[in-house]
Structure formats: C-alpha cells, structure tokens
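Remarks on the structure that follows.
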There are 2 protein chains.
Amino acid sequence: MEIETTTDYQKVKVANKIKKMFGHINPRTSMELCPIRDIMALSSDKWSILIFLYLGFFPVLRFNELKKKVYGISNKVLSERLKTLDRDGYISRKMYSEVPIRVEYQLTDFGHSYLKKLLELTEWVDTYKETIQENRLKYKAS
Amino acid sequence: MEIETTTDYQKVKVANKIKKMFGHINPRTSMELCPIRDIMALSSDKWSILIFLYLGFFPVLRFNELKKKVYGISNKVLSERLKTLDRDGYISRKMYSEVPIRVEYQLTDFGHSYLKKLLELTEWVDTYKETIQENRLKYKAS
DNA sequence: AGAGCAAGTTACAAAAAGTAACCTTATTAA
DNA sequence: TTAATAAGGTTACTTTTTGTAACTTGCTCT
C-alpha cells in the first residue's frame, strides 16, 4: 500500500488548522485546558467506538442487546459509557416502565453527526491496517 | 449551534460503510478480532493526539522539546507513546551519537496522512465543543 | 414461595497511568 | 579531581482506571 507524500503546501495547511484550533500552541504554553482532548478521549475509546458503530447500524438497541453485540464489555463499563455518551448528547436513553423494564438507546442527530466523522477516520484505518501490521513486523525484526 | 438531522438515506449509507468495514457485524458475531479498534485506541488517545498535533506543527522535535510542549506528560509515558507511534510507522526516530546525545522525532508520510484524517475529527469536535458543554449542563440539571 | 427477567450496582482484583528518583556517557567548571 | 550539567531515557513505586463476578430491584408467572 503506497502512501502519497504530503507536500510542503499541505503541511502548512495542516499547521494552520492546528493553530486555528489550538490557538495557544507555542513553545511556552500548553494545551492543558483544551476541551478537545477530553471530548476526543471520551468518544473515541475502544468501547465507545463500538457503541457508536452498533447504534449506527441498528437504529435502536436495548442494554442487553448492546451487551451481546459489544462483545467482551462488562455491565459496569457499558453502563458507564452509555451514561457518558448520554450526558454529552450523542445518544438518547428511553426507559419504558414495563415488566420487565425496557430501556432503549439510540443515536441523537448529534451522535449521527459525530459518527459520520468518526467513520471517516475508521475508514482510513481500515484502508491502512495491513500497512500498520507490516510496520509492526518490520519494527520487531529490526 | 444547530445540528443538521441525518436523513434516512444518509443513515443507510453509514450502515453500509460500517458493514463494509466490519463485515462480520451481526447479532451473532463480534468485532473482537478487528484490528481497527486496537489501532484507533493506540493512535487517538489523549497523549498521542497531542504528539501528532505538535509534530504536525513543528516538523522536527527532540524528546525534551516534545516533553515541554506536551504539557504534563511524563518521561515514561512519552517514551512509551513514541515507541508505539514509531513501531506503527507514524513517526520516525533518528538518533545522533553526539554529546549529549540527540534524538529527533518527526512524522512520516504515513503519519502525515493519518494526522490529516485525525484533524478532520478534531475540527468537528472544535466546532461542537460548546454544544457538548451545554449538553453536560442540561444533563446535570435534569 | 421460588424462579426468572431486564437493567443495572457493588465489592474486589488486575492492569494501566502517573511520579520521582536514578542511570549513562561525555563535557566543562571549580 | 571531584562535581555539576546535559539529553534521553529507565526503574521502582503509588494512584487511578478497568475489568470481573456476584448481587440487587421490582414485578410476573408457576
């Protein structure tokens, strides 16, 4: 898989984007107070990605349905992640007081908007996953 | 900040993308063996994002320069992240046997390619960070 | 009365991240 | 001739985060 080189012009554009977003980036200051990292970390961790993907694929899922699909996740962690995603507005939680109780989760418009962007990044990863495997083998051999 | 609603047509397109990438997504199988999560988790965590951004902004940085810029990171974690990013091929590490020793890190073409995609996601986050803050306040109040 | 179900919670163990002191090799200053 | 300084880490130890598995709650059905 060939990676096209980034031209100097493109690099300048990237640097400008970074500067615009992280205005205080310079040798003397930090990004410590920047919320972007916090938001990124909470929405792109290994479990949240799967929750986004499954809710993008199946419009509505209940707690235990998600638990079965997001293979390996525990009740505790699923519960925590759903709370965070709900709190930040990516998903909605609807409780129906039936017996037994029914709770339904789905992406909000905001969540769909984020998922669209997240997918573009995962598509890149999907395209180059073999390249990364090869890089790891080369590294190991060296 | 208004979020535009995702049409049913767009949702189907998203579902198709997911199906293409995560072909085995269905109620009976898992994504357990999928490398995408692993790669995403290792390249988009809270410290790696900053390393990408700083190396996207400053073409070449030495260990201690990075340490100063990536405010709050410890030697140990910086060293670990740099190793992982080097191993996966995002950055290159060049050592010069001077005294004192000099080690330079920079993005590879592969790393630049990834950063470009990562930036699109962080730009979305940058655009909507206030929305998320509001969502959190609403959630807290409810 | 006992079993079962959905949707969690809780107490505890394991893993990951953070902290601070230390190491190496060579150079210069006292 | 010690001693301090420098870069780029490593190591031992502490704290925080994750993961595991058992338990809870409220109601129904047998």
Side-chain angles (χ1 to χ4, degrees), chain A residues 27 30-33 37-51 54-55 58 60-88 91-106 139 142, chain B residues 27 30-33 37-51 54-55 58 60-88 91-106 139 142:
Chain A
S30 80
M31 295 174 183
E32 182 65 359
L33 299 169
R37 279 168 76 199
D38 165 59
I39 293 170
M40 290 285 294
L42 287 173
S43 57
S44 68
D45 74 290
K46 73 185 240 200
W47 295 117
S48 299
I49 285 175
L50 290 191
I51 293 170
Y54 277 111
L55 287 177
F58 301 96
V60 181
L61 287 171
R62 300 171 62 170
F63 188 88
N64 280 318
E65 289 175 335
L66 264 168
K67 204 197 151 183
K68 264 174 224 143
K69 292 185 195 311
V70 181
Y71 186 81
I73 200 169
S74 65
N75 288 10
K76 182 191 164 216
V77 173
L78 179 56
S79 170
E80 283 167 3
R81 291 298 176 280
L82 289 172
K83 265 183 202 158
T84 302
L85 296 177
D86 182 19
R87 182 200 64 182
D88 288 1
I91 65 173
S92 71
R93 178 182 186 276
K94 280 180 197 140
M95 210 178 88
Y96 299 90
S97 299
E98 302 170 355
V99 171
I101 194 172
R102 180 160 58 98
V103 180
E104 289 184 350
Y105 293 94
Q106 53 188 308
Y139 184 89
S142 71
Chain B
S30 80
M31 295 176 184
E32 182 64 358
L33 301 169
R37 277 168 79 200
D38 165 59
I39 294 169
M40 289 286 294
L42 289 173
S43 57
S44 67
D45 72 288
K46 74 184 239 202
W47 295 118
S48 299
I49 286 175
L50 290 192
I51 294 171
Y54 278 111
L55 288 178
F58 302 95
V60 181
L61 287 171
R62 299 171 64 169
F63 188 89
N64 280 318
E65 288 175 335
L66 264 168
K67 206 197 152 183
K68 264 174 225 145
K69 292 185 196 310
V70 182
Y71 186 81
I73 200 168
S74 65
N75 288 10
K76 182 191 164 215
V77 172
L78 178 57
S79 170
E80 283 168 1
R81 291 297 175 281
L82 289 172
K83 265 183 202 160
T84 302
L85 295 177
D86 181 21
R87 181 200 65 183
D88 288 1
I91 65 174
S92 71
R93 177 182 187 278
K94 279 180 199 140
M95 209 179 89
Y96 300 88
S97 299
E98 302 170 355
V99 170
I101 194 171
R102 179 161 58 99
V103 180
E104 289 183 347
Y105 293 94
Q106 54 187 308
Y139 184 89
S142 71

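In what follows, chains are A, B, ... by sequence order, proteins preceding strands, each numbered from 1.
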Between [N] ([atom2]) and [X] ([atom1]): distance, integer Å:
X        : N      : atom1 : atom2 : value
B:Lys68  : D:dA7  : NZ    : P     : 7 Å
A:Glu98  : C:dA7  : CD    : C1'   : 13 Å
A:Met95  : C:dA7  : CE    : C1'   : 10 Å
B:Glu80  : C:dT19 : CD    : P     : 13 Å
B:Leu82  : D:dT10 : CG    : C1'   : 14 Å
A:Leu78  : D:dT20 : CG    : P     : 13 Å
B:Lys67  : D:dA7  : NZ    : C1'   : 11 Å
A:Ile101 : C:dA6  : CD1   : P     : 12 Å

*Is it the case that A:Arg102 places NZ or CZ above or below the six-membered ring of A:Tyr96, under 6.0 angstrom from the centre and within 45 degrees of the axis?*
yes
_As a test of reading the structure: which of C:dT19, D:dG9, D:dT18 is closest to the side chain of B:Arg93, going by heavy atoms?_
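So the nucleotide nearest the side chain must be D:dG9.
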*Nearest to the side chain of A:Lys46 - D:dG19, C:dA7, D:dG9?*
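So the side chain of A:Lys46 is nearest to D:dG19.
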Any side-chain N or O of [X] less than 4.0 Å from the OP1 or OP2 oxygen of [N]?
X        : N      : value
A:Lys83  : C:dA7  : no
B:Arg81  : C:dA17 : yes
A:Arg102 : C:dA7  : no
B:Asn64  : D:dG8  : yes
A:Arg62  : C:dA7  : yes
A:Trp47  : D:dG19 : yes
A:Ser79  : C:dT9  : yes

*Touch check for A:Tyr105, heavy atoms < 4.0 angstrom, all strands: base, sugar-phosphate only, or nothing?*
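Sugar-phosphate contact only - A:Tyr105 comes under 4.0 Å of backbone atoms but never of a base.
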*Have a look at B:Lys76 and say if it touches a base, only the backbone sugar-phosphate, or nothing, with a 4.0 Å heavy-atom cut-off.*
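Base, at least one base atom sits under 4.0 Å.
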*Hey, is B:Lys67 close enough to B:Glu65 for a salt bridge, meaning N to O under 4.0 Å?*
no
*In terms of the nearest nucleotide of DNA chain C, which residue is placed more toward the 5' end: A:Val99 or A:Asn75?*
A:Val99
*Any side-chain heavy atom of B:Gln106 within less than 4.5 Å of one from B:Phe58?*
no
*Side-chain contact, heavy-atom cut-off 4.5 Å: B:Arg93 with B:Phe63?*
no
*So among A:Asp86, A:Asp88, A:Asp45, which one has a salt bridge (charged side-chain N to carboxylate O under 4.0 Å, His left out) with A:Arg81?*
A:Asp45
*asked:* If you assign A:Val77 and A:Pro100 each to the DNA chain D nucleotide with the nearest heavy atom, which residue ends up on the more 5' nucleotide?
replied: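 First, find each residue's nearest nucleotide; the 5'-ward one identifies A:Val77.
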*Give a yes or no on whether the backbone of B:Leu82 and the side-chain of B:Tyr105 come within a donor-acceptor separation of less than 3.5 Å.*
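Between the backbone of B:Leu82 and the side chain of B:Tyr105 there is no qualifying donor-acceptor contact (under 3.5 Å).
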